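Since the structure comes first, as structure tokens, the remarks are kept for the end.
We number each residue from 1, following the sequence as shown. Everything quoted here is computed from the prediction, not taken from an experiment. When a ligand or atom number is given, it counts from 1 through the structure's own listing order.
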Amino acid sequence: MKIALLALQGDFAEHEAVFRALGAETLQLRQSKDLQKSFDAVILPGGESTVQGKLLRELGMFESLRKMIEEGLPVMATCAGVILLARQILEDPTVHLGTLNAAVRRNAYGRQLGSFFIKGTFAGIEDVPMSFIRAPQIEFCAPGCEILAEHEGRITALRQGNQLAMTFHPELCSDHRVAEYFLSEIVRKS
Ligand code: GLN
């Protein structure tokens with residue numbers, strides 16, 4: 001199994017370490033020709049969505065990646081990655097890939113005090129460590145989406161088909177159960 005990481009900006013190296021620890025092969029996507037290689041899933045890491053969206057377009061990777069996800073390539077997005085996937089960014093006319101039928105609000109917990117850590121339930125898996133770092137909030141998702149985690153009445157993880165999106169960072173902890181869920185429930189079944 002080969003897991004590709006969007007490696008333009010952000011914490012892709014942490015995700016890569018998790019998937020390697022789980023026995024997957026990995027591949028970094030840095031330029032448009034990397035998208036022609038063969039891989040089974042793609043990870044959109046946390047970081048800065050405006051920078052990632054700009055680089056995706058400038059490097060000519062945007063349309064191919066969007067099409068691959070739309071056609072069913074399994075994708076796991078964390079934090080900024082969710083903003084890239086979302087169909088709508090509230091109070092912002094920008095739409096990046098737009099494949100996830102959800103609306104998000106950037107930096108919704110506040111810029112300075114917006115980072116916190118909790119343990120929560122994800123897809124029925126209990127006590128999952130969840131780091132939120134200047135995280136967006138998912139304000140709305142369409143009926144076809146399955147809500148996998150919530151915190152204080154807000155959706156923090158959801159799945160729409162082969163797209164898995166979460167506003168926290170599971171890759172920053174030694175607990176790899178979220179990545180295992182992605183591999184077993186989405187990648188291996190796709
Ligand atoms: N605040 C960032 C953004 O808007 C996301 C932060 C993160 O990925 N940890 O893109």
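- Only one option out of R87, R154, R106 pairs with E139 in a salt bridge (charged side-chain N to carboxylate O under 4.0 Å, His left out); it is R154.
- M130 and V178 end up in the same hydrophobic cluster when Ile, Leu, Val, Met, Phe, Trp and Tyr side chains are linked at under 4.5 Å.
- Residues lining ligand 1 at a heavy-atom distance below 4.0 Å are given as G46, G47, E48, S49, C79, A80, I83, R106, N107, I133, R134, H169, ordered by chain and residue number.
- Hydrophobic clustering places V82 together with F62 (ILVMFWY residues linked when any side-chain heavy atoms are closer than 4.5 Å, directly or through intermediates).
- Side chains of E16 and Q28: a donor on one and an acceptor on the other come within 3.5 Å.
- Salt-bridge annotation for E180 and R177: absent, with no side-chain N of the basic residue lying under 4.0 Å from a carboxylate O of the acidic one.
- The ring of F116 has its center closer than 6.0 angstrom to the ring center of H151.
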